[in-house]
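First up is the structure itself, then whatever we jot down about it.
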Amino acid sequence: MENTSYNKPSRLRIKLITMGETEVGKSCVVKRYCERRFVHKYLTTIGIDYGVTKVQIKNRDVRLNIFDMAGHPMFYEVRNEFYRDAQGALLVFDLSRRCTFDCLDQWLIEMKNEMTNTKDANNMVVCVCGNKVDKRRVVNELEGRLWADSHGFHYFETSAQTGEGIVEMFNTLLGDIVATIENGGTKIPLDTQLGFTKDQVDLIHRLKNAKYDHEQLGVNPNAVKEDINKAYRRLAVLLHPDKNIAPGSEEAFKILVAARSSMLKRCL
């Protein structure tokens, strides 16, 4: 009897692009993965650097074409041609330079503007990479994960110098791309919910960093009892440890309670 079952092709061709500001380590991350080495001398990517490697993902032979795009604005007219038909992207920032993290939204805007097919843009598999974890960081892990989570992206922290996190990140990214291809080109939604929101995290940071009790509660220094209690109830809903599992929520809730008690005493 003739076998009519569907046999999926064993070999796949994947186009992957890198995005991010200059000197965040995009080329070093790619070389660490493809060549298992670190380039100590920094050389600015001129326009586009191209690499090919063969890997096996989910028992599929994959020919991976990587287009490493220069981050400098002067190369925009060069790199804008390479967004088209890309199936995945590595969005890289430098954990030791906050400005490179703050620019991530601009890179997403550029990508969506240059991908003429809206469906392709929506089905692009993106992984956010916080690189240079071996250096003194100024962007904490929680910030990075929250940003990636809000866009439905994976988040990894890596070191191109030591190799930390590199293989795991690429395996996850390529695995999702293969799954998307096998799903007819439609990306499978990523469940990246951390269990807390940016508002909750921002509140924790405010309570820990504010110098005065009225700043912690977000009220006027001469607020009356009614306003103090109203502010407390509003913040307690966001912050109570039973509802907020963000790191530091328990300590921040104690600060909130103390701030309320301190201000109420002055109202007596």
Side-chain angles (χ1 to χ4, degrees), residues 20-21 23-24 91-109 112 126-159 164-165 189-268:
E21 294 295 291
E23 297 185 39
V24 296
L91 182 53
V92 187
F93 72 95
D94 182 345
L95 289 164
S96 66
R97 294 165 54 213
R98 174 163 290 278
C99 61
T100 66
F101 175 72
D102 294 338
C103 289
L104 294 183
D105 283 305
Q106 296 176 24
W107 282 99
L108 277 189
I109 292 172
K112 291 178 180 178
V126 180
C127 185
V128 180
C129 171
N131 191 37
K132 304 187 184 181
V133 73
D134 52 292
K135 294 183 176 292
R136 181 179 177 276
R137 68 160 69 223
V138 296
V139 180
N140 65 53
E141 182 177 357
L142 186 57
E143 287 181 278
R145 289 193 180 280
L146 277 171
W147 191 90
D149 181 80
S150 68
H151 292 87
F153 302 153
H154 283 293
Y155 178 78
F156 282 87
E157 294 193 341
T158 66
S159 168
E164 179 180 346
L190 180 64
D191 183 12
T192 58
Q193 293 300 316
L194 297 177
F196 48 87
T197 67
K198 187 177 185 300
D199 287 341
Q200 290 174 319
V201 173
D202 289 344
L203 177 57
I204 291 172
H205 287 166
R206 189 183 89 191
L207 284 161
K208 289 184 175 181
N209 296 326
K211 293 182 178 180
Y212 306 106
D213 49 17
H214 68 273
E215 292 177 342
Q216 293 165 337
L217 283 166
V219 297
N220 188 284
N222 299 316
V224 298
K225 182 178 179 180
E226 181 181 354
D227 291 339
I228 294 170
N229 286 328
K230 183 178 180 180
Y232 170 80
R233 288 192 295 270
R234 176 173 56 82
L235 299 180
V237 170
L238 287 173
L239 201 60
H240 196 283
D242 289 344
K243 300 178 180 179
N244 188 341
I245 62 172
S249 61
E250 187 173 347
E251 178 187 353
F253 186 71
K254 292 178 181 178
I255 294 173
L256 177 65
V257 172
R260 176 199 182 208
S261 299
S262 176
M263 291 202 71
L264 287 176
K265 286 180 181 180
R266 296 203 296 272
C267 292
L268 299 177

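Heavy-atom basis, side chains included; hydrogens, waters and symmetry copies ignored.
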Roughly how far, to the nearest 0.5 Å, is CD1 of Ile109 from CG of Leu104? 11.0 Å
Return the set of residues passing side-chain contact (heavy atoms from CB on, under 4.5 Å) with Ser249 (not counting sequence neighbours), or none when no residue passes. Ile204, Asn244
Parallel, tilted or perpendicular: ring planes of Phe156 versus His154, cut at 30 and 60 degrees: tilted
Mind checking whether Phe93 and Tyr155 have parallel, tilted or perpendicular rings, split at 30° and 60°? parallel
Evaluate the side chain to side chain contact (heavy atoms under 4.5 Å, CB included) criterion for residues Phe153 and Leu108: first the C-alpha distance (whole Å), next the side-chain angles of each, then the deciding distance (0.1 Å), finally the verdict. CA-CA 12 Å; Phe153 302 153; Leu108 277 189; 3.8 Å; yes
Arg98 and Glu143: salt bridge (charged side-chain N to carboxylate O under 4.0 Å, His left out), yes or no, with the steps? CA-CA 11 Å; Arg98 174 163 290 278; Glu143 287 181 278; 2.8 Å; yes
What one should report as the nearest heavy-atom pair of Gln216 and Ile255 is NE2-CG2, 3.4 Å
Rounded distance [0.5 Å steps], CG in Asn140 versus NE2 in His205: 5.5 Å
Yes or no on side chain to side chain contact (heavy atoms under 4.5 Å, CB included) for Thr100 and Val92, after CA distance, side-chain angles and deciding distance? CA-CA 8 Å; Thr100 66; Val92 187; over 6 Å; no
Val257 backbone acceptor or donor facing Ser261 side chain under 3.5 Å: yes
So, using salt bridge (charged side-chain N to carboxylate O under 4.0 Å, His left out) as the criterion, who are the partners of Arg260 when residues are at least two apart? none
Just so I know, are the side chains of Val139 and Asp94 near enough to count as touching, which here means a heavy-atom distance under 4.5 Å? no
Check Gly20 against Leu91 and note the closest heavy-atom contact, atom names and distance. N-CD1, 4.5 Å
Flag if over 12 foreign heavy atoms under 6.0 Å of CD, Glu141: yes
Determine the minimum heavy-atom distance between Ala223 and Cys267, stating which atoms define it. O-SG, 3.7 Å
Kindly give the heavy-atom pair with the smallest separation between Arg206 and Gly218, and that separation in Å. NH2-N, 3.6 Å
Heavy-atom pair with the smallest gap, counting every atom of Asp227 and Val219: O-CG1, 4.1 Å
Write down the atom of Glu157, the atom of Leu95, and the distance for their closest heavy-atom approach. OE2-CD2, 3.8 Å
Look at the rings of His151 and Trp147 and say which category their plane angle falls in: under 30° parallel, 30 to 60° tilted, over 60° perpendicular. tilted
Presence of salt bridge, Glu226 and Lys230, under 4.0 angstrom: no
Could you go through the side chain to side chain contact (heavy atoms under 4.5 Å, CB included) check for Leu239 and Leu207 one step at a time? CA-CA 10 Å; Leu239 201 60; Leu207 284 161; 3.1 Å; yes
Contacts of Glu164 that satisfy side-chain contact (heavy atoms from CB on, under 4.5 Å) - sequence neighbours left out: Val133, Ser159, Thr162
Does this structure show an ion pair linking Glu21 with Arg97, if we count only N-O contacts that are shorter than 4.0 Å? no
Working to the nearest 0.5 Å, report the span between CG of Leu264 and CD1 of Ile228. 5.0 Å
Are more than 12 heavy atoms, taken from residues, nucleotides or ligands other than Lys225, located less than 6.0 Å from that residue's NZ atom? no
